*Asks:* 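Pasting a structure here, questions to come.
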Amino acid sequence: MEQRDDIIEYSLDNHHSEEEGKKIRKKIWKVTLILSIVTLVEVFFGAMVKQGSSMWLTVKVLFILLTIVKAAYIVMTFMHLGDEKKALKWIVLLPYLIFMIYLIFIGLAEGAELYPRMH
Amino acid sequence: MAGHASKEMKANKVDWGGKTSPFSVSYGKLMMWFFLVSDALTFGGFLVAFGLTRYSYGGAWPIGEETFDALPFLTGSYPLAYVALMTFILIISSVTMVLGVEAGHRMDRKGVTKWMLATIVGGLVFVGSQAWEWSHFIHGTNFGRVELSDGSVATAKGEFGKIHDFEIVRPGSHYEGVGTKITNDNITAEDGDLMHAFQHAAAKRKLSGTAGAMMITLHDGTVAKVNKEADKDLQLIVKVPGKDYAVSSAADESTRIHEADGSVDLYYEALSKGNVVYGANLQENEYGPQTYGHFFFFVTGFHGFHVSIGIILLIIVFINVLKGTYEKRGHYEMVEKAGLYWHFVDLVWVFVFTFFYLI
């Protein structure tokens, strides 16, 4: 295949050295530890705190926050989105977040509205 | 790492002036990200629909730590232990994947081979775990869900007393001899095993009598006495209220119907009337509203489908790594792109885990 000179081969620029690799691997293991601990904390609270108890609302909010923490580590570190250019980072995150926040709001509001009508 | 600007990029100060990619990534990687955004919207839609439906049912929705408390080869209750294990397996496979991507950036073919193999194994273990979980969900618990005489609907918890044998009272066409004991050794294939025959009979109104003295009618018309140990600590958790019983609160176990409140008689009365559902299918399930079963099969199924596709993609990339395709190409970006998809699958599971099992 003939080499096109108007296309920049970005893939070749993704390489890093042995020392950089060491640093990156260290970061990966750190994130692994964080994700494992967060999962254990979630399971612990899930098994210990029963739904409907006075603590439940707090635990529920904690679950959602911890989930977002986990998701952020996966997307930013494992998927390298944190290391990409700002333009790419926001073009992926912003439209998605705006739409999902809207959808969650409207979904839960509709669900609460449906409840008295269905019972 | 990713996103280093090339020399040519640095010379060109204007990002959006053409010729260069304003994102400093290759076309393939950018398109993978766009695909993942659209796929994330699909899963987001499912989970929001799940939330909407659950909200519209008020409190009458199954509770994760009550529904998912089984472990393979063990009896007893281990709330959420199995799903936590599955979550952990998937997280670890995500770690091995990112280590593979890192090795690729150093052109370390051996490292890529090793970590990709580990990732594929992790993915297969996860799909296998999900198969077990589906099988358990479909077959259900020993007790099932019963409709009590006052019209309330309850699930039962406790230790199911072992069935020793069925003692023939009136032989049918397959079994002979009054007083002969049917055990798992001489039961016909049609009846399966003792437990299966018992549940089948219960659901088909072919059980009668009270807790200590149940009579069963088998497939061939044989009538037999059920020799069964007493259940231990049988509790009924009321899900839908009837005339006499209110809904049990998950937070307060004293609101359940205990043995002292007559749970045994209530349960076996329901069994003898055939008012019992075991396991789950697309028409009914023992765990909660019918929609719950649909969402379980659809959301976890769609995720499992993604994992399966991911494993196939990883195997294809793995073969190319072995063949040296990417070594020749000069970069391992294909590993990175497959990795993006794999991490996404892990990411979805993190949300499914929280909203389906924890909350």
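Residue numbers start from 1 in every chain, and the chains themselves are labelled A, B, ... in the order their sequence lines are given, proteins ahead of strands. All values derive from a computational prediction rather than experimental measurement. All values below were derived from every heavy atom in this structure, side-chain atoms included, with hydrogens, water molecules and symmetry-related copies excluded.
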*Asks:* Please state whether the side chain, the backbone, both or neither of B/Phe355 comes within less than 4.5 Å of a heavy atom of chain A.
*Replies:* side chain
*Asks:* A/Glu19: which residues meet the side chain to side chain contact (heavy atoms under 4.5 Å, CB included) condition with it, sequence neighbours left out?
*Replies:* A/Ser17
*Asks:* Looking at chain A, which one of B/Leu358, B/Val37, B/Leu347 has the largest number of heavy-atom pairs inside 4.5 Å, strictly under?
*Replies:* B/Leu358
*Asks:* Which bit of A/Ile91 is near chain B, if near means a heavy-atom gap under 4.5 Å: side chain, backbone, both or neither?
*Replies:* side chain
*Asks:* For B/Val101 and A/His80: C-alpha separation, side-chain torsions, deciding distance, then whether side-chain contact (heavy atoms from CB on, under 4.5 Å) applies.
*Replies:* CA-CA 10 Å; B/Val101 173; A/His80 307 306; 3.8 Å; yes
*Asks:* Quick one: which of A/Leu93, A/Val59, A/Leu81 has the most heavy-atom pairs under 4.5 Å with chain B, could you say?
*Replies:* A/Leu81
*Asks:* Could you have a look at B/His343, B/Arg329, B/Glu253, B/Glu65 and say which one has the most heavy-atom pairs with chain A under 4.5 angstrom?
*Replies:* B/His343
*Asks:* Measure distances from A/Ile104 to the heavy atoms of chain B and classify the residue's part below 4.5 Å as side chain, backbone, both or neither.
*Replies:* both
*Asks:* Name the option with the most non-hydrogen atom pairs under 4.5 Å to chain A; the candidates are B/Leu30, B/Leu41, B/Asp346, B/Leu340.
*Replies:* B/Leu41
*Asks:* Assess whether atom OH of B/Tyr292 is packed by more than 12 heavy atoms of other residues, nucleotides or ligands within 6.0 Å.
*Replies:* yes
*Asks:* So what's closer than 4.5 Å to chain A heavy atoms on B/Phe344: side chain, backbone, both or neither?
*Replies:* both
*Asks:* Out of B/Val350, B/Val98, B/Ile91, which residue meets the side chain to side chain contact (heavy atoms under 4.5 Å, CB included) rule with A/Ile74?
*Replies:* B/Val350
*Asks:* Could you walk me through whether A/Glu84 and B/Lys29 pass salt bridge (Lys or Arg N to Asp or Glu O under 4.0 Å), step by step?
*Replies:* CA-CA 11 Å; A/Glu84 302 289 1; B/Lys29 207 165 122 183; 3.0 Å; yes
*Asks:* Could you give the distance from CG (B/Leu90) to CG (A/Leu35), rounded to the nearest 0.5 Å?
*Replies:* 11.5 Å
*Asks:* Please list, chain by chain and in numerical order, all residues satisfying salt bridge (charged side-chain N to carboxylate O under 4.0 Å, His left out) with A/Lys89, sequence neighbours excluded.
*Replies:* none
*Asks:* Take a 6.0 Å sphere around CZ of A/Phe44 and say whether it holds more than 12 heavy atoms from other residues, nucleotides or ligands.
*Replies:* no
*Asks:* Less than 4.5 Å to any heavy atom of chain B: does that hold for the side chain of A/Glu113, its backbone, both, or neither?
*Replies:* neither
*Asks:* If you measure from CD on A/Gln51 to CH2 on B/Trp61, what distance do you get to the nearest 0.5 Å?
*Replies:* 12.0 Å
*Asks:* Could you check if a side-chain atom of B/Leu36 sits within less than 4.5 angstrom of a side-chain atom of A/Met79, using non-hydrogen atoms only?
*Replies:* yes
*Asks:* In Å and rounded to the nearest 0.5 Å, what is the CD1 to OG distance from B/Ile92 to A/Ser36?
*Replies:* 5.0 Å
*Asks:* Look at A/Val43, A/Ile64, A/Ile68, A/Val92 and state which one has the largest set of heavy-atom pairs under 4.5 Å with chain B.
*Replies:* A/Val92
*Asks:* Between A/Ala109, A/Ala71, A/Pro95, A/Ser54, which has the largest tally of heavy atom pairs under 4.5 Å with chain B?
*Replies:* A/Ala71
*Asks:* Where do B/Tyr55 and A/Tyr115 come nearest, in terms of heavy atoms and distance?
*Replies:* O-CB, 3.8 Å
*Asks:* How close do A/Lys85 and B/Ser24 get, counting heavy atoms only, and between which atoms?
*Replies:* CD-OG, 3.2 Å
*Asks:* Quick check on the interface: out of B/Gly330, B/Gly51, B/Gly339, B/Gly28, who has the most heavy-atom pairs with chain A under 4.5 Å?
*Replies:* B/Gly330
*Asks:* What I want to find out is whether A/Lys50 reaches B/Glu66 closely enough, with some N-O distance under 4.0 Å, to be called a salt bridge.
*Replies:* no
*Asks:* When only pairs under 4.5 Å are counted, which of B/Thr354, B/Thr87, B/Leu80 shares the most heavy-atom pairs with chain A?
*Replies:* B/Thr354
*Asks:* Within this structure, what is the CG-CD distance for the pair B/Leu52 and A/Glu110, rounded to the nearest 0.5 Å?
*Replies:* 6.5 Å
*Asks:* More than 12 foreign heavy atoms under 6.0 Å from CZ of A/Phe63: is that the case here?
*Replies:* yes
*Asks:* For A/Phe99, which atoms come within 4.5 Å of any heavy atom of chain B: side chain, backbone, both, or neither?
*Replies:* side chain
*Asks:* Which is it for B/Glu102 and A/Arg25 under the side-chain contact (heavy atoms from CB on, under 4.5 Å) test, yes or no, and what are the steps along the way?
*Replies:* CA-CA 8 Å; B/Glu102 192 275 327; A/Arg25 284 198 296 274; 3.1 Å; yes
*Asks:* Looking at every non-hydrogen atom in both residues, tell me the closest pair between B/Phe353 and A/Thr39 and how far apart they are.
*Replies:* CE2-CG2, 4.4 Å
*Asks:* Answer yes if the ring centres of B/His105 and A/His16 are under 6.0 angstrom apart, and no otherwise.
*Replies:* yes
*Asks:* Hey, is the main chain of B/Ala40 close enough, under 3.5 Å, to the side chain of A/Tyr96 for a donor-acceptor pair?
*Replies:* yes
*Asks:* So, for A/Trp29 and B/Val95, which heavy atoms are closest and what is the spacing to 0.1 Å?
*Replies:* CZ3-CG1, 4.0 Å
*Asks:* Does B/Phe35 have more than 12 heavy atoms from other residues, nucleotides or ligands lying within 6.0 Å of its CZ?
*Replies:* yes
